[in-house]
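Encoded as structure tokens, the structure appears first; notes follow it.
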Amino acid sequence: MTRWCLGGRHLPMLAIPGYAGPSPLAQALLPMTLDPPTLSAVLLVQLVVLATALPLMTGLRRGAPVVWATAALWVQAGSWLAVLATGWAGEAAAALSYALGSLSFVLTLRAVEGWLGPRPLMRWAWGLPLALVVVFAIGHDVPWLRRGVSNLLMATSLAVLVLGLLAPAPTAPAASRRWRWVLATPMALLGLLTLARGVLGLDASADYPSLRGGHPIALGVLTVGSFATVLSALAFLAAWRGEAEALLEAAAQTDPLTGLDNRRALEQRGDALIANARRHGDTLLALMIDLDHFKQVNDRHGHAQGDAVLVLLADILRELMRPGDCAARLGGEEFVVLLGRTRSDGAEAFDRRLREALQARAPEALGFFVDFSAGWSVLRPGDRDVHDLLQRADAALYLAKGDGRGCLRGEPGGAP
Ligand SMILES: Nc1nc2c(ncn2[C@@H]2O[C@H](COP(=O)(O)OP(=O)(O)OP(=O)(O)O)[C@@H](O)[C@H]2O)c(=O)[nH]1
């Protein structure tokens, strides 16, 4: 008797000729009717619902990784639709289900790469769905190819995904470890079950766990596939939240006009640079820079040109500083650079290069010359934090303004 039923109604379309219900072992393990087509259909519905809900929940301003993840869910849904269709569409549907299944794991890996940075074997992974198409094209009537090699390729897709999830990701936030494990665990389990199907599929005499039969391994694939789907969607949401938090954090620390650090970021990075300089017995120099007569620039040339001056100065600062140094816009036309391992003579050299670059580039970029005043201070043993250092640089800047502008002055009392 056909046991395939969904909601109490028999679906003849899904009937598998010759299927006599779950094996005795499956019945002993799970004394209930867990028929594969019902499980496959539930899985398909789950995937469609989650693939629809994910973009709705993440909103229009989602990044590329969420788009890849959503595509992975849709493609996985297509794969299970093809599994359901194999009852009447035969080997073509089976080939499609394998190729789409493998493609969905590669798309998931691509999403993971967007969140975690470059992943191992990413480029090679695209070849796996293609290889599955080739295997079915040449081996549709060769059982060990169709059943064995295809599952081994599918298990390889899952192994590459698990590797991509667990490989070190130095630029990713530490909290990403939680969603990476939540996603990697069911994928690894699914990979092992698929590996078992592949090994049994290579042996013509073995009882092959077809996804349309009641073999415990097939029921395992369907059950694990079901919670892997739910956990994937949860992991995608957690990863997207981490992505949104990182963007907000960066925005909260960046000056929107120039892209330099803002005052908040300067305070954090400044204290870190001080701690680092003290640990290594290095010097740290603060240079405070203020454009001269900037109000007149705005009044004469307009606010947009005033903004262009600020952007030009920021660009030059970025080009002149060394990796590890910090440049920030404190507000208005006032900037600070913190230069590691630099003394007062370094302040003069940096000021000279900055002045030369500004004079050389301003006429072409702006159509007029601009100049600035600057004051420096050097880290002292008694400085509690970056404020103490900046206070003295500010006092030096005040001296430069008092001395007629367009010049550099050192902190009152000179270098320690
Ligand atoms: N275009 C532009 N102007 C700004 C911005 N922020 C502040 N300003 C202007 O910068 C000017 C600063 O004027 P003041 O503080 O008098 O400084 P100053 O004219 O440079 O005079 P000195 O510093 O004494 O040489 C004001 O006119 C502000 O409106 C900005 O983001 N863009």
Side-chain angles (χ1 to χ4, degrees), residues 247-270 285-321 325-339 342 344 346-378 386-414:
L247 284 175
L248 278 179
E249 184 63 24
Q253 303 224 341
T254 306
D255 170 51
L257 177 66
T258 61
L260 293 182
D261 285 349
N262 63 13
R263 184 183 288 271
R264 185 168 165 242
L266 174 76
E267 284 170 1
Q268 277 181 16
R269 293 207 50 208
L285 181 111
L287 191 68
M288 199 169 275
I289 299 155
D290 188 283
L291 287 159
D292 292 334
H293 304 300
F294 192 57
K295 188 173 179 318
Q296 287 178 22
V297 172
N298 273 331
D299 292 346
R300 276 193 206 148
H301 305 282
H303 206 268
Q305 278 295 77
D307 283 356
V309 174
L310 299 172
V311 170
L312 177 66
L313 181 62
D315 287 346
I316 297 173
L317 286 177
R318 253 191 298 264
E319 287 163 27
L320 291 185
M321 65 184 202
D325 290 345
C326 166
R329 182 182 172 210
L330 292 186
E333 79 290 17
E334 200 173 16
F335 295 78
V336 166
V337 279
L338 295 176
L339 307 172
T342 309
S344 53
E348 280 155 26
F350 191 92
D351 175 85
R352 192 173 51 250
R353 277 184 282 142
L354 182 60
R355 242 170 249 286
E356 284 169 3
L358 195 60
Q359 298 316 321
R361 284 162 63 172
E364 196 187 326
L366 309 166
F368 52 89
F369 284 104
V370 282
D371 205 355
F372 63 88
S373 304
W376 60 257
S377 62
V378 174
V386 74
H387 291 118
D388 288 349
L389 181 65
L390 295 184
Q391 218 167 17
R392 295 197 307 279
D394 194 36
L397 173 62
Y398 187 77
L399 292 177
K401 291 278 180 186
D403 285 350
R405 297 179 175 80
C407 60
L408 169 73
R409 291 292 176 265
E411 58 188 296

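Both ligands and their constituent atoms are indexed starting at 1 by order of listing. Here, residue 1 is the first one in the sequence, and each next residue gets the next number.
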Ligand 1 to L291, heavy atom cutoff 4.0 Å, flagged ligand atoms 20 (O), 23 (O), 25 (O)
d(L390 CG, L338 CG) to nearest 0.5 Å is 6.5 Å
So does V370 get a backbone contact from the side chain of Q359, meaning a donor-acceptor N/O pair under 3.5 Å? yes
Atom 32 (N) of ligand 1 sits nearest the protein heavy atom D307 OD1, 2.6 Å
Closest to atom 22 (P) of ligand 1 among protein heavy atoms sits K401 NZ, 3.4 Å
Near L310 (heavy-atom distance under 4.0 Å), the atoms of ligand 1 are 30 (C), 31 (O), 32 (N)
To the nearest 0.5 Å, atom CG of N298 lies from atom CG of L310 at 8.0 Å
closest protein heavy atom to atom 20 (O) of ligand 1 is F294 N, 2.6 Å
Ranked by distance from atom 17 (O) of ligand 1, the top protein heavy atom is E333 OE2, 3.0 Å
among protein heavy atoms, the one nearest atom 6 (N) of ligand 1 is G332 CA, 3.3 Å
Within 4.0 Å of some non-hydrogen atom of G306, the atoms of ligand 1 are 1 (N)
So CG of L389 and CE of M288: to nearest 0.5 Å the spacing works out to 8.5 Å
Here the atoms of ligand 1 under 4.0 Å from any heavy atom belonging to D292 are 20 (O), 25 (O)
Output for pair (R318 CZ, T258 OG1), nearest 0.5 Å, gives 6.5 Å
Min over H293, R329, K295, H303 of heavy-atom distance to atom 31 (O) of ligand 1 lands on R329
dist L330:CG -> L260:CG (nearest 0.5 Å) comes out at 10.5 Å
Q: Check whether any N or O atom of L257, backbone or side chain, sits under 3.5 Å from an N or O atom of ligand 1, and answer yes or no.
A: no
* Asked: Cut-off 3.5 Å, side chains only: do D292 and S373 have a donor facing an acceptor?
  -> yes
* **Test of proximity, R405 against ligand 1: N or O pairs below 3.5 Å** => yes
- Message: Can you confirm whether Y398 is buried at OH, in the sense that more than 12 heavy atoms of other residues, nucleotides or ligands lie under 6.0 Å from that atom?
- Response: no
Filtering V311, D299, D290, N298 for the heavy atom nearest atom 28 (C) of ligand 1 leaves N298
Within the side chain of E267, is there an N or O that forms a donor-acceptor pair under 3.5 Å with the backbone of V386?
no
